[in-house]
Undergrad: 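One structure coming up, written as structure tokens, with questions to follow.
This is a predicted model, so every value here is computed, not measured.
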Amino acid sequence: EKDADSDGEDLNALCEQFFEKCVCKEKAKADLPKKEKQVGKATTMKKMIEGAKGSKDTVRYCESSIAPKHQDPKTKTISSKKFIKHVLPEIAAKEAKCKSADEPKAKTQLRTMKKNIRAELQKGDKTQKVDATTSRLTDTSKYTGAHKERFDADGKGKGSDGRVDKVDSSGYVGNYKGKDTFDKKK
């Protein structure tokens, strides 16, 4: 069923997008296949409830009472559709202090929670601020001595080439300029 806002936006679709975003954060991968994005674990549900501005008590209640009823018993996961259709209404009823998700007060709370999720989705990711110490330690232009050899001109690491001294076993000394010219001379 479609739950549209006053401006025609489908709140359930927005909730699914936020659910997928939470799954990607949980798995620390942005490019998951669509099928994997639609199944989340307890941390995904926790982020969804926090996004809907649910209380900490509600999060605990969901983890202990609501989630086990709707999760897959073997994998302990839940689909985004099941979360939006079953879990979110129960959470809204708990937040509204109602016995059933069908009560008007619970339905109003559910719409409010979905709108909060929409706002959270529109907010986007905040980039972390880097403090002075971290920026100083990660600025490769200030490295000196042997440490500066570990990075190229762009500041990217050279990997093992920057850490390991490779032995040149060609028989020539390091500064000899005429290497490999013996056979070319006539």
Side-chain angles (χ1 to χ4, degrees), residues 9-54 56 59-60 62-63 67 71-84 87 114-186:
E9 250 182 325
D10 185 9
L11 293 175
N12 286 342
L14 291 171
C15 287
E16 279 188 47
Q17 284 178 4
F18 191 69
F19 188 91
E20 290 173 6
K21 186 177 174 182
C22 292
V23 170
C24 289
K25 279 186 179 179
E26 176 187 336
K27 295 185 178 181
K29 291 182 180 176
D31 56 345
L32 287 172
K34 183 80 170 166
K35 190 175 181 181
E36 284 185 42
K37 286 182 184 178
Q38 292 175 339
V39 178
K41 293 191 177 225
T43 53
T44 304
M45 287 189 281
K46 185 178 177 184
K47 288 199 182 302
M48 284 291 291
I49 297 167
E50 288 169 355
K53 305 291 188 252
K56 290 186 189 291
V59 171
R60 276 190 242 115
C62 177
E63 288 173 344
Q71 285 179 331
D72 182 287
K74 289 182 182 176
T75 60
K76 303 285 187 217
T77 58
I78 190 165
S79 71
S80 60
K81 296 216 185 292
K82 201 172 205 180
F83 181 84
I84 294 164
V87 177
K114 285 181 179 181
K115 287 178 182 180
N116 290 340
I117 288 172
R118 176 184 59 190
E120 197 71 25
L121 185 64
Q122 290 171 344
K123 225 192 292 185
D125 289 332
K126 293 180 181 175
T127 56
Q128 281 188 320
K129 294 181 181 178
V130 179
D131 65 340
T133 307
T134 306
S135 64
R136 187 176 66 245
L137 291 172
T138 55
D139 185 5
T140 58
S141 66
K142 293 189 172 47
Y143 285 8
T144 59
H147 297 292
K148 72 179 174 185
E149 300 301 323
R150 296 180 62 186
F151 302 94
D152 62 8
D154 296 332
K156 296 203 190 280
K158 291 182 182 177
S160 64
D161 292 338
R163 292 190 303 275
V164 180
D165 289 331
K166 295 198 178 189
V167 178
D168 181 18
S169 57
S170 64
Y172 292 100
V173 288
N175 288 334
Y176 181 67
K177 304 288 186 238
K179 182 180 171 193
D180 296 331
T181 59
F182 181 76
D183 293 334
K184 294 178 184 174
K185 289 184 181 178
K186 289 187 182 177

Undergrad: What heavy-atom pair brings Ile78 and Lys82 nearest, and what distance separates the two atoms?
TA: CG1-CB, 4.0 Å

Undergrad: If I compare all heavy atoms of Lys76 with all of Gln71, which pair ends up nearest, and what's the gap?
TA: O-NE2, 3.5 Å

Undergrad: Could you pull out all residues at least two apart from Asn116 that satisfy side-chain hydrogen bond (donor to acceptor under 3.5 Å, both in side chains)?
TA: none

